[in-house]
Amino acid sequence: MPNPTELTVHQKSRLLDIAFDDGAAFSIPFELLRVYSPSAEVKGHGPGQEVLQVGKREVGITGVEPVGNYAIKPLFSDGHETGIFSWDYLYKLGSEQQVLWQQYLARLVVAGFDEESGRAPGAELPGAPVMSGCGHRH
C-alpha cells in the first residue's frame, strides 16, 4: 500500500493535493471527495443503499483531522464530517477520478437533473427525506 508523502488542502481551487511514496500524485476536487465520501450517510449500510449527493459544486473543506496513521477525516463546509478516507481510498479516488466523475454525472442525469443543475448549491433530490445535522432522516 502506498503511503502519502504530502497532503495539501487548496481552499481557493477546492482541490486536495496528495502525493504518495510510489511517485503517484493527485489533485482531487473537494466535490468528488464529498460525493464519494465513505460514510454511511453517503454509502448507505449495504449495496443499493447509496444516497446520491447533489448541490455539492461549491463545497469546501474547513479542516482535516488525522485518523491514526492510515486515514484523514475532512470536515466539509456543508457540515458533513463522518467520512474517514483511508490512504488506499484516497489513492483510488485519485487514480480513478475521471471514471468516478463520469459515473457521478450519469447518476445525476438518471435522477432527473442535467449535470450542472444537480451540482448547483441548493439542489435537492425530489422526494428526499429531510436530513438533520447529524445525518439521520426525519
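In this chain, residues are counted from 1 in sequence order.
Between the side chain of Y104 and the main chain of Q53, a donor-acceptor pair closer than 3.5 Å is present.
Atom CG of N69 sits in a sparse spot, with 12 or fewer heavy atoms from other residues, nucleotides or ligands closer than 6.0 Å.
Residues S27 and Q97 share a closest heavy-atom pair of O-NE2, 3.2 Å. Taking all atoms of both residues into account, the shortest heavy-atom contact from A123 to G118 is CB-O, 3.9 Å. Of all non-hydrogen atoms in H80 and S37, the two that sit nearest each other are NE2-OG, 2.8 Å.
V42 forms part of no hydrophobic cluster, judged by ILVMFWY side-chain heavy-atom separations under 4.5 Å. Listed by chain and number, the hydrophobic cluster partners of V67 are Y70, I84, where partners are ILVMFWY side chains within reach of under 4.5 Å, directly or through others. In the hydrophobic clustering, where aliphatic and aromatic side chains (Ile, Leu, Val, Met, Phe, Trp, Tyr) are joined below 4.5 Å either directly or transitively, L75 stands alone.
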Mind listing the side-chain donor-acceptor pairs of residues 6-16 below 3.5 Å, one per line with the distance, residues two or more places apart or on another chain?
{"unit_1": "H10", "atom_1": "NE2", "unit_2": "D17", "atom_2": "OD2", "d": "2.8"}
{"unit_1": "Q11", "atom_1": "NE2", "unit_2": "I61", "atom_2": "O", "d": "2.7"}
{"unit_1": "R14", "atom_1": "NE", "unit_2": "E58", "atom_2": "O", "d": "3.2"}

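Applying the salt bridge (Lys or Arg N to Asp or Glu O under 4.0 Å) test between E31 and each of R119, K56, R57 identifies R119 as the sole match.
One hydrophobic cluster, built from ILVMFWY side chains closer than 4.5 Å, holds both I72 and M1.
Among pairs with a residue in residues 97-114, none fulfils salt bridge (Lys or Arg N to Asp or Glu O under 4.0 Å), at least two apart in sequence or across chains.
Using cut-offs of 30° and 60° on the angle between ring planes, the pair F20 and Y91 is perpendicular.
Under the ring pair (Phe, Tyr, Trp, His ring centres under 6.0 Å) criterion, F113 pairs with no residue at all, not counting sequence neighbours.
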